[in-house]
Amino acid sequence: MAGQIIPFEGIDKLGFISDTPAVNLPMGAWSDVNNVRFDDGSISKMKGHIEIFGSATGFAATLDIQHIVYWENPNERLYVVISRESGSDKVYTVSVNGSGNGVAVDRTPTSGSFTASDAWSSTLFNGGYSVIINNGIEQPHHITVSLGTDLSSSTKFTALTGWESYASGTIISGQVSVSCGVIVSAGNLLIAGDLTERSKPVLPAITSFTSANPGVATFASSPSLSNGDRFTVYNSATDNFNSVEYTVNGVNGNVITTTTNTTSFSAFSAGNDLITFNTSAGISKVIVRNLNGVVRSSSVASPGTIPINWDPFAVGAGTADELNLADSGRITAIRNLRGSPIVYTNNSITQLRVSGSGLSSIPVTTEYGAQSQSSVFEFKGNHIVIGSNDIYQFNGTANVTSLSDTRVRKYFFNDLHPTSFRKSKIVRNQQHDEIWIAYPSNSSSNSVGLLDKALVWSYQNNTWTKRDLPSNTTTLTAGPIPGGGAPADTYAFTTQSANGSVKVTVTASDGSLTELEGSVSAGHSSSQVATAFHNLISVQSDFNSRVSGSNVLVDKNPTSNNAPSISVRVVDTSTTTISPSTTGSFDSERPWGLGTINQAKNFVCFGGANKIYAADLTYGFAGSSYQSYVLKSNMEAAPHVTDSVEALYMQTSGTAEATNSETAAGELNVQLRRSNNSAYQPISFTTSTDNLDYPFRFAGENANYKVDTRIVSRLVNLKISNTSTLQWDIHGISVSLGAGGTR
């Protein structure tokens with residue numbers, strides 16, 4: 001007697017649901033998944049990733065990428081890449097050459113490398129004329145281009161103009177550096193938050209000096225100075241700061257000779273407390289003031305320029321202002337939303353308003369916040385936010401909607417690394433209508449907090465899934481990438497038979513188009529069309545060198561005497577392939593030139609140790625196999641009933657086929673296992689010796705669409721997995737249930 005066929009309704013409609021007990025899930029929901037997508041009525045293996053930029057030149061021998069962002073300015077298409085080298089950070093721009101390899105140019109400031117930081121961020125400004133980078137330790141830096149002029153190899157990142165024009169509340173402002181945790185563009189001005197004022201390294205006081213050139217200064221003790229270092233002096237008795245920098249030319253204990261005339265020291269003779277600062281040593285870790293709840297705005301910049309003032313007390317300051325969000329806590333993120341800057345702390349949201357008279361704020365909520373700048377993403381007029389205990393959507397008012405509750409909320413925050421969680425980053429995968437949340441997992445193999453997993457939300461289907469990230473991933477972004485090779489020549493042609501003309505369109509490897517038209521005599525005989533066609537393309541040397549007249553074939557279907565239907569076929573003599581033909585290096589997933597960055601198509605890109613990868617290309621992880629699977633734990637067809645699962649049915653497609661081989665590479669393996677009837681606990685599929693183990697696999701290459709199972713159990717576990725570089729898709733799953741009983 002045939003069993004009752006129970007289909008898995010909507011296998012792509014519910015996706016990954018971890019927080020709800022598996023026994024309560026509908027048949028179409030999955031209790032665990034990895035590297036799969038739910039879309040178009042199917043479950044499919046998620047594509048892998050490939051390396052881009054190939055053998056890049058201009059980089060250091062060893063890369064440790066900390067940040068990457070695509071920068072499309074009015075002149076060039078570049079990636080900005082920040083790499084850890086010898087304990088500090090350097091910045092490069094990367095373009096692509098005609099072979100598809102990256103060409104890196106060192107843009108590190110002439111003053112030296114940046115302090116190593118795990119908090120790099122960036123923002124584009126003024127229509128892409130400027131790119132601004134920020135590490136949260138030193139002041140932000142920028143490159144600004146001029147219209148029509150590519151960057152020269154000598155162009156470097158420089159500190160924002162006027163950034164330290166206002167260091168509030170300190171009498172030694174000239175020796176205080178201001179950094180910010182967050183800086184963003186807001187129209188034609190910039191807004192910064194989470195400010196910190198740090199002093200430059202303090203040296204021993206000067207006890208005496210000789211006004212001469214070269215000058216001599218005697219310090220109270222031996223200063224930490226070497227030849228070539230610079231220092232400056234502040235007189236605390238007279239509150240007088242000397243703007244002159246003195247360059248060290250000799251060191252003898254506590255006596256320093258300078259190449260700069262020390263006559264100007266006489267201006268400080270009224271006091272004997274001459275404080276000195278080592279201005280060549282960069283910024284120390286001595287924090288003068290924490291301004292974690294303060295935001296500042298710049299003056300307005302004219303088109304194609306960068307703001308020049310941040311001092312609200314300067315003449316004509318305009319929008320330059322400072323605002324203390326007193327009850328907000330530490331500012332973790334600032335993002336624009338429908339034209340208004342939104343300020344996040346870990347437990348609050350505030351809306352900023354910018355006017356000609358400065359800044360004002362409107363509190364929104366003190367119940368939600370954000371973990372970091374990279375955990376807030378603007379999307380379709382809303383923000384997608386990773387908060388302290390939820391992944392939610394914020395619409396700019398008090399309306400907050402959880403995206404993860406009852407589905408992946410507990411899973412995500414239990415799996416999130418406890419100390420590196422602020423490294424999480426959100427990007428949009430436009431090709432598949434997805435939001436990717438890349439995060440450092442709490443895995444024992446991820447002690448340093450690398451980005452090793454991605455939780456993926458399909459905003460069209462409202463489903464979740466998971467994906468593994470390349471090893472050693474530290475950052476990711478989204479942007480266009482170089483091609484994999486366009487067809488050497490593609491020939492498209494049409495016939496306009498009604499008036500007896502033949503039209504030929506030739507698309508060359510460089511993307512250029514040539515259209516040719518010619519006439520054929522009345523009657524439209526096959527030989528006449530072939531001759532006319534070949535005469536037209538004979539002037540195209542690339543085409544003509546491969547196609548002889550005898551290989552131009554014409555089929556005629558005389559639907560009427562005056563307007564027959566004519567098709568032209570071309571045999572490419574170099575490949576014997578029926579036209580339209582392709583030759584040379586060609587990538588069907590990236591069918592554009594190796595040296596072309598295709599702006600029409602964005603990919604998720606990863607950065608890490610020595611590599612930059614692009615996602616959703618091929619079915620390998622940089623050519624290697626990877627595991628993909630769906631798992632349904634403790635499924636119960638009917639409550640409190642012991643079912644006999646007599647058979648399993650699947651409709652599949654792809655190059656990875658269902659098989660009875662447990663070890664064959666590329667095979668789609670299906671396993672069923674009973675659960676313990678007294679416990680709703682997941683069952684491991686890694687142990688084949690367990691007496692509850694029932695592994696079944698489909699036999700043959702699509703020869704069978706079902707397998708007889710005959711498992712008797714109240715709860716059944718199903719796992720469908722594959723480890724290969726091959727594609728697979730599941731379009732339907734059903735089980736056949738026989739007569740059971742109650743327990």
Side-chain angles (χ1 to χ4, degrees), residues 47-60 63 65 68-83 91-107 124 128 131 143 145 147-155 430-431 476-492 505-514 540-543 545-546 574-575 580-607 610-618 620 622-623:
K47 284 188 174 183
H49 52 261
I50 64 170
E51 184 182 357
I52 57 174
F53 296 122
S55 302
T57 59
F59 279 126
L63 280 177
I65 296 173
I68 181 172
V69 64
Y70 176 66
W71 177 28
E72 181 183 338
N73 63 57
N75 309 316
E76 299 176 273
R77 294 182 289 276
L78 305 168
Y79 275 87
V80 176
V81 176
I82 297 172
S83 174
V91 58
Y92 300 86
T93 57
V94 182
S95 59
V96 61
N97 63 19
S99 300
N101 295 321
V103 179
V105 179
D106 190 344
R107 306 291 183 185
L124 302 184
V131 59
I143 285 181
V145 302
L147 182 62
T149 304
D150 291 350
L151 292 177
S152 72
S153 59
S154 61
T155 303
Q430 291 177 286
Q431 294 187 61
L476 76 164
T477 189
I481 64 173
D489 288 288
T490 300
Y491 310 106
T505 301
V506 180
T507 305
S509 57
D510 62 0
S512 62
L513 297 177
T514 302
Q540 303 295 312
S541 58
D542 290 342
F543 191 105
S545 65
R546 293 198 299 271
S574 67
T575 62
S581 61
T582 60
T583 62
S585 176
F586 177 62
D587 185 331
S588 60
E589 293 181 306
R590 296 178 295 148
W592 55 90
L594 295 171
T596 300
I597 290 181
N598 184 358
Q599 297 167 272
K601 202 170 185 180
N602 280 355
F603 292 79
V604 176
C605 298
F606 316 103
N610 285 321
K611 304 288 185 182
I612 300 175
Y613 297 102
D616 277 315
L617 293 165
T618 77

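Here the side chains of E589 and I50 are not in contact, with every heavy-atom distance at 4.5 Å or above. Using a 4.5 Å heavy-atom cutoff, the side chains of V105 and L151 are not in contact.
For V96, the side chain to side chain contact (heavy atoms under 4.5 Å, CB included) partners are F53, P482, I597, not counting sequence neighbours. For the side chain to side chain contact (heavy atoms under 4.5 Å, CB included) test, residues two or more places apart in sequence or in another chain that qualify with N73 are W71, N75, E76, L78, V145. For N602, the side chain to side chain donor-acceptor pair (under 3.5 Å) partners at least two apart in sequence or on another chain are Q430. Taking Q599 as the reference, E72, R77 meet the side chain to side chain donor-acceptor pair (under 3.5 Å) condition, with sequence neighbours excluded. Legend: residues meeting side chain to side chain contact (heavy atoms under 4.5 Å, CB included) with S152, ordered by chain and number and at least two apart, are S154, T155. Scored by the side chain to side chain donor-acceptor pair (under 3.5 Å) test, Y92 finds E85 as partners (sequence neighbours excluded).
Residues I68 and T477 come closest through the heavy atom pair O-CB, 3.4 Å. Of all non-hydrogen atoms in V604 and F606, the two that sit nearest each other are CG1-CE2, 4.0 Å. Counting all heavy atoms, side chain and backbone alike, C605 lies closest to G479 at SG-O, 4.3 Å. In this structure, G102 and V94 approach most closely via the heavy-atom pair CA-CG1, 4.1 Å. Here the shortest heavy-atom pairing between Y613 and A622 reads CE2-CB, 3.9 Å. Considering all non-hydrogen atoms of both residues, F603 and A614 come closest at CB-CB, 4.4 Å.
If you take CG on L617 and CD on Q431, they are separated by 7.5 Å, rounding to the nearest 0.5 Å. Distance check: D616 CG to H49 NE2 gives 11.0 Å after rounding to the nearest 0.5 Å.
The backbone N or O of N101 sits nowhere less than 3.5 Å from a side-chain atom of S99 that would complete a donor-acceptor pair.
Residue pairs satisfying the salt bridge (charged side-chain N to carboxylate O under 4.0 Å, His left out) criterion with at least one member in residues 98-107, sequence neighbours excluded, are listed as follows: K90-D106.
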Applying side chain to side chain contact (heavy atoms under 4.5 Å, CB included) to Y79 and I481, what does each step give before you reach the verdict?
CA-CA 10 Å; Y79 275 87; I481 64 173; 4.3 Å; yes
